[in-house]
Amino acid sequence: MTKNLTIDQVLKRNDMTRMELLRQLNNEGHSIGKGCLRNLAEKNQCPRRAPAAAVRKALGHLLGSNIKQEELDTIFKHQPNGGKNKVDISQPVYGVIELLQTNDLSQMQAINALKENGINISPTAMSQILRHGIWPKTVERLAIETSLNTWIAQFVTTQQLNNMWKERGSIVNAGPKKPLTTAPDVAVKPRITFEQPEPEMLNQTTLRHFKLTRHPFENEIRSESDLFMSEQQMMLREAMVQATLGGSIMAMIGECGSGKTETRKGYMEYVRRHHPEVQVIEPMVINKKRLTAEMIFDALAEELMLTSLPGSLERRARKVESALKRSVKAGNRHVLIIEEAHDLTNDVVKYLKRIWELSDGFNRLISIVLIGQPELAQKLAPSNYEVREFSRRCNVMKVPPLGRSLTEYISHKFQRCNVNYLNVIEPEAIEALQQRLQAKVSYGMAAKASEHQDMSYPLIVNNWLVCAMNLAASLGERTISADVIQELK
């Protein structure tokens with residue numbers, strides 16, 4: 001047997017590459033960089049994130065019977081752990097993994113439980129926490145522990161819950177025990193890969209080719225009949241209505257172009273027709289970062305037709321509260337709606353909670369609806385301890401993509417132009433479009449896409465259809481086919 005056997009030599013002998021070893025390590029929860037991989041393969045130097053025991057285990061899984069135990073002993077003889085004390089992965093640092101296995105639960109279920117509380121943790125980061133005690137810098141440890149405790153409490157006893165975070169890991173090699181460290185670059189955010197064509201204008205040739213008299217996607221919402229509402233969007237509108245009537249706090253969160261503003265318009269029209277007693281207050285400050293409590297009280301006073309307000313915030317609040325009480329006794333309801341709420345400061349969010357607490361006995365004087373982009377979810381996450389009083393009372397609703405309603409949406413848009421959508425796009429092309437609207441979601445530097453995210457939001461769909469129509473017209477195609485969709489870059 002060779003005295004100085006390297007991992008590189010073993011891999012080449014079995015017609016395998018370093019990347020295959022990298023993927024195997026990543027699948028087992030040990031993400032390392034290319035420089036570390038080179039030192040590992042050429043010099044058998046184990047990096048900090050992949051101790052010798054982990055590398056040995058990964059090699060065994062990767063090569064199976066093609067590598068002998070004697071060869072593994074030779075590889076790891078002189079540097080069993082890269083020359084540094086590490087936590088032995090054979091004994092996880094915490095008892096969480098044991099509880100998961102005992103109750104037939106998976107780490108992915110734990111990750112999804114965190115997501116429901118607004119905490120995004122990758123599988124690699126979760127493994128680093130549970131096996132090595134390495135916590136991410138971008139998320140507070142307390143927030144992760146609290147969310148996991150709340151979720152796993154439904155499956156375990158109180159005693160098991162109290163003991164599962166006790167340190168259990170052992171140190172390989174003798175020496176003083178080192179404190180658990182924080183990983184400086186643990187990936188906690190998923191990487192979304194989504195390709196779409198560059199935005200184009202619908203040219204005149206294309207309009208003539210498809211016998212259109214106007215642009216079907218430009219300034220298309222001119223009346224309530226122009227507004228497309230899927231079943232999920234109607235449920236979202238109903239949630240806004242119930243929050244308004246019930247004196248609750250709600251946040252509507254959606255990607256740019258997902259239809260938040262149009263859903264708000266549908267809500268406004270619905271309330272105007274079915275609940276005329278509701279008074280909607282919307283602060284008109286364009287830059288929401290500059291919105292203050294004084295400006296919100298000014299908007300309330302304007303709606304309540306208060307002509308003069310005192311300069312003191314305390315006296316101003318009392319006067320507005322008295323006016324709200326009189327209005328509620330007269331049979332009115334009030335809702336404060338703030339768009340672009342992701343730009344609000346923490347101080348303003350805390351003021352909103354104080355405003356929402358205004359009441360007359362058991363009756364809330366005002367409801368609050370915030371509308372914003374995904375950054376609003378981060379602001380209202382449990383990890384943002386500063387606004388916990390507001391976020392724990394706020395019902396967060398996400399604007400869904402079109403999904404299965406894509407065909408209905410396309411049909412509706414062309415129907416508003418008095419054109420049958422089948423004269424523009426074939427059903428097979430819609431199926432191809434639905435596939436291309438799926439973004440790939442991956443975790444870690446070398447991880448393959450492990451799931452997909454539907455990106456069929458109205459603005460994105462409109463862009464794809466305009467590009468497809470222009471391409472079909474330039475090729476002389478009568479309708480948009482699946483091949484045309486596939487040709488879009």
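Nothing fancy with the numbering, it's 1 onward along the sequence.
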Provide the closest heavy-atom pair for N44 versus T6 in the form atom of the first, atom of the second, distance.
OD1-CA, 3.4 Å

Output, in order, the C-alpha distance, side-chain angles, deciding distance and verdict of side chain to side chain donor-acceptor pair (under 3.5 Å) for T261 and E339.
CA-CA 8 Å; T261 300; E339 285 201 272; 3.2 Å; yes

Beyond-backbone contact of Q453 with F194, side-chain heavy atoms, under 4.5 angstrom:
no

Any salt bridge between E357 and K353, counting N to O under 4.0 Å?
yes

L245/R333 under side-chain contact (heavy atoms from CB on, under 4.5 Å): CA gap, chis, key distance, verdict
CA-CA 7 Å; L245 300 179; R333 295 179 183 271; 3.6 Å; yes

Please tell me if the side chains of R393 and W356 come closer than 4.5 Å, counting only heavy atoms from C-beta onward.
yes

Indicate the atoms forming the closest heavy-atom contact of I119 with A143, along with that distance.
CD1-O, 3.7 Å

More than 12 foreign heavy atoms under 6.0 Å from CD of E231: is that the case here?
no

Carboxylate-amine/guanidinium contact R354 E389, below 4.0 Å:
yes

In terms of side-chain geometry, is the basic nitrogen of K489 or E195 positioned less than 4.0 Å from the acidic oxygen of its partner?
no

Between E42 and R18, is there a side-chain N and carboxylate O pair less than 4.0 Å apart?
yes

Could you walk me through whether M268 and R264 pass the side-chain contact (heavy atoms from CB on, under 4.5 Å) check?
CA-CA 6 Å; M268 298 280 283; R264 179 187 64 81; 4.1 Å; yes

I'd like to know if the side chain of D483 pairs up with that of S481 as donor and acceptor (distance under 3.5 Å, no hydrogens or angles considered).
no

Kindly compute the distance separating CZ (F217) from NZ (K413), expressed to the nearest 0.5 Å.
8.0 Å

Given side-chain contact (heavy atoms from CB on, under 4.5 Å), test H334 with I281 step by step and report yes or no.
CA-CA 7 Å; H334 311 90; I281 301 111; 4.0 Å; yes

Between E269 and L227, is a side-chain contact (heavy atoms from CB on, under 4.5 Å) present by the stated rule, with each step listed?
CA-CA 11 Å; E269 183 62 25; L227 183 63; over 6 Å; no

From K260 NZ over to I253 CD1, what is the distance, rounded to the nearest 0.5 angstrom?
10.0 Å

If you take all heavy atoms of H342 and K379, which pair is closest and at what distance?
O-CE, 3.4 Å

Heavy-atom pair with the smallest gap, counting every atom of P136 and I129:
CD-CD1, 3.7 Å

So, taking the atom named OG1 in T146 and the one named CD in E140, what distance separates them when rounded to the nearest 0.5 Å?
9.5 Å

Supply the atom-to-atom distance D73 CG to K68 NZ, rounded to the nearest 0.5 angstrom.
13.0 Å

Does CZ in R404 sit with more than 12 non-hydrogen atoms of other residues, nucleotides or ligands closer than 6.0 Å?
no

With a 4.5 Å heavy-atom cut-off, do L352 and L336 have their side chains touching?
yes

Taking all non-hydrogen atoms of both residues, which atom of C394 and which atom of L380 are closest, and how far apart?
SG-CD1, 4.0 Å

Is it the case that more than 12 heavy atoms not belonging to K350 sit under 6.0 Å from its NZ atom?
yes

Does OH belonging to Y457 count more than 12 external heavy atoms closer than 6.0 Å?
yes

Distance from N120 atom CG to I111 atom CD1, nearest 0.5 Å?
10.5 Å

Salt-bridge contact R38-D8 (side-chain N to carboxylate O under 4.0 Å)
no

Any chance you could measure I134, atom CD1, to S127, atom OG, to the nearest 0.5 Å?
9.5 Å

For the student: nearest non-hydrogen atoms of E71 and N66, plus distance
OE1-O, 4.3 Å

Residues Y409, N462; criterion side chain to side chain donor-acceptor pair (under 3.5 Å); working and verdict:
CA-CA 10 Å; Y409 173 78; N462 294 352; 2.6 Å; yes

Is the closest side-chain heavy-atom distance between Q24 and L59 below 4.5 Å?
no

Candidate pair E238 and Q242, rule side chain to side chain donor-acceptor pair (under 3.5 Å), full reasoning
CA-CA 6 Å; E238 182 60 24; Q242 293 304 317; 2.7 Å; yes

Can you label the angle between the W135 ring and the W165 ring as parallel, tilted or perpendicular, going by 30° and 60°?
tilted

